A.B. asks: 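Below you'll find the structure I mean.
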Number of protein chains: 2
Amino acid sequence: MTSTPRRVTQRDIARLAGVSQATVSLVLNNRADADVRIALETRDRVLRVIAETGYAADPVARRLAARFNRIIGVFTYEPAFPSGTRDFFHPFLVGIEEYAERAGCDLLLFTSAPVVDGRRRIFHQDNRLRLADGCILLGREIDAAELHRLNRDGYPYMAVGRRDDAAGPVPYVGADYASAVGQLVESAVARGHRRLAYLGMGSAAESSEDRRRGFAESARAAESAVQLSTAGRDADAVLDDLLADRTTAAFVEDYATAVALELATRRRGLSVPGDLSVLTLGDPTVAVPTEIAFTGFHIPREEMGRQAVEVLASVIDGSSSGLQQRLLPCEPVEGETLGTPDRAVERR
Amino acid sequence: MTSTPRRVTQRDIARLAGVSQATVSLVLNNRADADVRIALETRDRVLRVIAETGYAADPVARRLAARFNRIIGVFTYEPAFPSGTRDFFHPFLVGIEEYAERAGCDLLLFTSAPVVDGRRRIFHQDNRLRLADGCILLGREIDAAELHRLNRDGYPYMAVGRRDDAAGPVPYVGADYASAVGQLVESAVARGHRRLAYLGMGSAAESSEDRRRGFAESARAAESAVQLSTAGRDADAVLDDLLADRTTAAFVEDYATAVALELATRRRGLSVPGDLSVLTLGDPTVAVPTEIAFTGFHIPREEMGRQAVEVLASVIDGSSSGLQQRLLPCEPVEGETLGTPDRAVERR
DNA sequence: CGACGATGCTAATACGTATTAGCATCAATA
DNA sequence: TATTGATGCTAATACGTATTAGCATCGTCG
């Protein structure tokens with residue numbers, strides 16, 4: 001049995017250097033305030049002993065005394081390292097890790113959060129939130145009650161993705177889906193499209209709401225703007241609806257649905273964008289094999305992760321105050337699936 | 001400025017319930033030893049107050065007092081979330097996260113470790129190792145000096161992948177490359193192959209050494225067994241060497257090299273396995289596009305991650321003692337690239 | 001009725017660091 | 001010589017939990 005040898009503490013250093021523990025702490029923290037002075041000779045002596053013993057401060061004790069940690073918690077509503085091909089969080093985590101490294105912070109993954117009703121919960125018996133100085137929240141939908149409690153407790157956190165108020169505003173770094181979708185709609189209208197359709201997944205998540213809103217607002221310029229749910233329906237049935245409605249441009253929330261829709265169109269002897277323009281509203285979250293370069297936009301996921309950590313860090317160290325909410329612009333992707341409606345209109 | 005409202009402590013609970021802080025701690029820890037007794041009524045009262053206030057123990061203080069944490073550190077010599085397609089660590093991390101979740105542990109990623117000479121270092125000014133109860137080490141090569149220091153400090157850790165002694169044995173969960181390669185060699189010999197070649201990357205890592213050793217030992221039964229380095233050479237040049245040597249079966253350490261070799265063979269009007277059998281010694285670490293089903297073996301990476309956490313956890317809680325070293329078997333993969341040497345021998 | 005064991009709780013302390021008030025010393029000044 | 005100010009350090013304490021020795025009370029038994 002390896003009985004852990006007690007580690008070197010400031011007390012040990014102090015004894016060896018013939019000073020008090022307080023002095024060691026002061027030397028270590030490079031304190032040189034007006035009312036704290038250490039003779040150069042003493043300082044050197046202490047530093048020499050520290051170097052000899054290989055002393056390293058106990059981060060736990062330090063946290064207990066100083067109240068912060070340089071640890072950023074990361075709470076994901078699903079495993080951070082998924083085993084399948086679907087990897088929704090990955091790009092966010094790339095950005096999070098990158099900035100954490102730059103800021104000299106460690107990342108604490110709250111893998112211990114137990115799963116209740118199919119989802120992880122932040123708050124539970126013996127929750128470990130306080131181990132971190134603050135926390136990044138990742139998830140398509142985040143429980144409003146949990147956000148509420150975070151707010152109430154005054155715990156520093158940042159959501160990745162815009163969030164509705166949860167008994168108080170929620171700090172976040174999100175993507176501006178509404179504008180991105182709006183721009184897409186405008187460019188379709190500019191090309192002559194008048195009959196538009198929004199194909200949603202029927203999700204109540206903010207990210208879905210924002211896209212719908214962006215569509216609805218910008219599509220007022222069009223002659224017709226229907227909203228359909230693709231949940232549980234196959235692409236052929238959806239395509240039937242679109243043709244019946246004489247839709248010329250479809251805005252598709254789910255990337256895989258767009259792929260399926262293009263395929264169904266082609267199978268029917270029609271073409272994209274000849275007979276139907278298909279616009280995607282984000283990047284694929286699962287690996288979908290397709291040769292098609294869809295027109296749509298790119299979500300700055302890595303940047304969202306980076307900035308979430310950046311803002312959180314500044315909130316923690318007090319250098320920024322007040323509510324932090326950021327919406328980052330999405331980058332337009334010029335593909336080959338947005339055309340003019342001429343042929344489609346003609347043909348019908 | 002949101003001045004963080006002081007969190008609820010055991011002292012607060014104690015005051016509200018009219019007991020001492022010690023009693024609260026005892027209730028929380030469900031202590032019921034012979035010399036510690038709490039009246040049922042008192043216990044209920046305390047628990048009620050705890051429920052009302054939503055108290056949660058400060059894990060930092062807990063760790064300071066009780067010396068452990070249910071936090072597993074994860075040290076990766078490269079980013080845990082890589083941005084490119086190469087994702088060497090991912091399968092390990094899947095297993096690590098899975099077992100950590102089952103064991104109710106959180107994972108601390110040591111992203112703060114600074115990069116020196118192109119690699120992260122565990123030990124540095126202000127290293128945070130002690131925040132975790134123990135640590136998992138991931139990396140193709142791990143600095144022996146750092147392992148040495150971990151051993152010296154008596155810090156509980158587990159390497160993923162077999163490691164040579166570093167001034168003392170190193171605990172690990174590894175894959176049995178030597179046996180896996182040995183079995184491949186034997187099955188090639190059983191099919192009649194007599195002239196074998198090992199194509200290595202020229203790496204000094206243990207994982208490379210083990211493969212080489214497995215090859216060398218089992219290949220003694222063959223007429224010829226050469227070892228070549230593919231580092232910095234193109235597949236055509238390597239193929240020239242193989243043909244010159246009348247090699248009939250090539251054992252290729254790096255998956256991408258195997259892909260390139262098969263392509264070069266085909267381009268030359270020869271075939272795999274008709275003219276040359278090509279065996280792979282592990283899974284691809286980068287996404288390599290190929291239609292070929294190579295014969296080789298699968299490395300149980302997820303299982304290695306899982307067991308590393310499992311063993312580490314048992315070491316930490318004292319339920320297992322002594323040196324822990326495990327080698328897991330690799331699973332043979334029956335592909336289409338191992339044939340008989342007849343045609344190859346004939347043709348030459 | 002005194003001794004004693006069982007019961008239920010608390011006081012005190014440890015863990016290792018950071019912070020602050022303040023003590024001792026000495027030189028410079030009045 | 002007494003006073004003041006600067007200098008260099010330490011004692012004491014806080015942070016929030018876990019643990020342990022031990023105190024007070026009560027019933028039982030000899």
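Keep in mind that what you see is a predicted model, and the values were worked out from it rather than measured. Quick note on labels: first sequence line is chain A, next is B, and so on, each numbered from 1.
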A.B. asks: Whole-Å distance between C:dG16 C1' and A:Leu28 CG?
C.D. replies: 12 Å
A.B. asks: Counting any heavy atom closer than 4.0 Å, what does B:Ala39 reach on the DNA or RNA strands: base, sugar-phosphate only, or nothing?
C.D. replies: sugar-phosphate
A.B. asks: By nearest atom, which of the nucleotides C:dG8, D:dG16, D:dT19 is closest to the B:Thr42 side chain?
C.D. replies: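 Of all the options, the side chain of B:Thr42 is nearest to C:dG8.
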A.B. asks: Rounded to the nearest Å, what distance is computed from the CZ atom of residue B:Arg31 to the C1' atom of nucleotide D:dT19?
C.D. replies: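 Interatomic distance, CZ of B:Arg31 to C1' of D:dT19: 7 Å.
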A.B. asks: Students often get this wrong, so: under 4.0 angstrom with heavy atoms, is B:Val19 touching a base, only sugar-phosphate, or nothing?
C.D. replies: sugar-phosphate
A.B. asks: Grab the CZ-P distance between B:Arg37 and D:dC23 for me, whole Å please.
C.D. replies: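 To the nearest whole Å, that distance equals 15 Å.
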A.B. asks: Nearest-Å distance, CZ (B:Arg15) to P (D:dG16)?
C.D. replies: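 The answer, rounded to whole Å, is 12 Å.
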A.B. asks: Does either side chain, that of A:Arg120 or that of A:Thr76, offer a donor lying less than 3.5 Å from an acceptor on the other one?
C.D. replies: yes
A.B. asks: Mind calculating the distance between CD1 (B:Ile38) and P (C:dC9) to the nearest angstrom?
C.D. replies: 6 Å
A.B. asks: Need to verify one output field. Residue with the more 5' nearest nucleotide on DNA chain D, B:Leu26 or B:Ala61?
C.D. replies: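 The residue whose closest nucleotide sits nearer the 5' end is B:Ala61.
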A.B. asks: A:Gln10 side chain N/O closer than 4.0 Å to the phosphate oxygens (OP1, OP2) of C:dA18?
C.D. replies: yes
A.B. asks: Pick the nucleotide of DNA chain C nearest each of A:Arg11 and A:Asn29; which residue has the one closer to the 5' end?
C.D. replies: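 Its nearest nucleotide lies further toward 5', so the answer is A:Arg11.
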